[in-house]
Amino acid sequence: MKDKVVCYFSAAQSEQPIIYRLVKNYDLIVNILKADINPQKEGYLVTELEGERAKYEEGISFLKSLGVIVEPLSETVMWDEDTCIQCGACASFCPTEALSIDRDSMEVSFDNSKCVICEMCLECCPTRAIRLHFEVQGAAR
Ligand code: SF4
Ligand code: SF4
């Protein structure tokens, strides 16, 4: 399984080789998306964890046993209409027509309810008008 989580560390925890132990003891792939960890200070880590389900759950339990606060992240796609230059590139990649072109007006629009977060559109946008947005879903301590 693969999931994104945010981990909050206390000052004492931030000194420990936690990532190393997740990789070595639980065979998890740790893809760090964002981090702010400083010695002897509180910090956080936004990461994607990937591995066998049982190992994944053991790894999360390990984090919690250390007192690390672990919260799941949900992701949504955001389209910034003001940054969009209406080039239409994204609409040709989008498999669900969440991003689409009106054939009469030739205007691009985004329907979030159709988006399956396949991320196909992210790389093709020349102005970065399409971005992933992460939200903390709630405490899973
Ligand atoms: S993430 Fe996928 S489904 Fe969503 S808008 Fe982009 S291409 Fe379409
Ligand atoms: S690729 Fe980017 S700039 Fe082009 S239409 Fe899509 S959102 Fe707009």
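Treat the numbers as computed from the prediction; the structure is a model and nothing was measured. All ligand and atom numbering here is 1-based and tracks the order in the structure. The figures that follow rest on heavy atoms only: side chains count, while hydrogens, waters and symmetry mates do not.
At the top of the distance list for atom 4 (Fe) of ligand 1, counting protein heavy atoms only, stands C115 SG, 2.4 Å. Ranking protein heavy atoms by distance to atom 2 (Fe) of ligand 1, first place goes to C118 SG, 2.3 Å. Of the protein's non-hydrogen atoms, the one nearest atom 1 (S) of ligand 1 is E119 N, 3.2 Å. Ranking the protein heavy atoms by distance from atom 6 (Fe) of ligand 1 puts C121 SG, 2.3 Å first.
In this structure a side-chain-to-backbone donor-acceptor pair under 3.5 Å is present from T96 to K114. Side-chain atoms of E75 never come within 3.5 Å of backbone atoms of I117 as a donor-acceptor pair (strictly under, hydrogens ignored). Side chain of T47 to backbone of N31: a donor-acceptor contact under 3.5 angstrom is found. A distance-only check finds a donor-acceptor pair linking the side chain of Q86 to the backbone of V108 [under 3.5 Å]. Judged by distance alone, the side chain of N38 and the main-chain N or O of K41 form no donor-acceptor pair under 3.5 Å. Here the side chain of S10 pairs no donor or acceptor atom with the backbone of E42 at under 3.5 angstrom.
Each of the atoms 3 (S), 5 (S), 7 (S), 8 (Fe) of ligand 1 lies under 4.0 Å from some heavy atom of C94. Numbered from 1 in the order shown, with element, the atoms of ligand 1 that lie under 4.0 Å from a heavy atom of L99 read 5 (S). Atoms of ligand 1 found under 4.0 Å from any heavy atom of V77 (numbered from 1 in listed order, with element): 1 (S). Close contacts between ligand 1 and P95 involve ligand atoms 7 (S) [criterion: under 4.0 Å to a heavy atom]. Each of the following atoms of ligand 1 lies closer than 4.0 Å to a heavy atom of T96: 3 (S). Heavy-atom contacts of F110 reach the following atoms of ligand 1: 5 (S) (cutoff under 4.0 Å).
Around CZ of F93, the count of heavy atoms belonging to other residues, nucleotides or ligands within 6.0 Å does not exceed 12. Sparse packing is recorded around CD of E81, with 12 or fewer heavy atoms of other residues, nucleotides or ligands lying under 6.0 Å away. When the shell of 6.0 Å around CD of E52 is examined, it contains 12 or fewer heavy atoms from other residues, nucleotides or ligands. Heavy atoms from other residues, nucleotides or ligands lying under 6.0 Å from CD of E97 number 12 at most.
Of all the heavy atoms in S100 and A91, the pair that sits closest is CA-CB, 4.0 Å.
Looking only at protein N/O/S atoms, the ones less than 2.8 Å from atom 8 (Fe) of ligand 2 make 1 in total.
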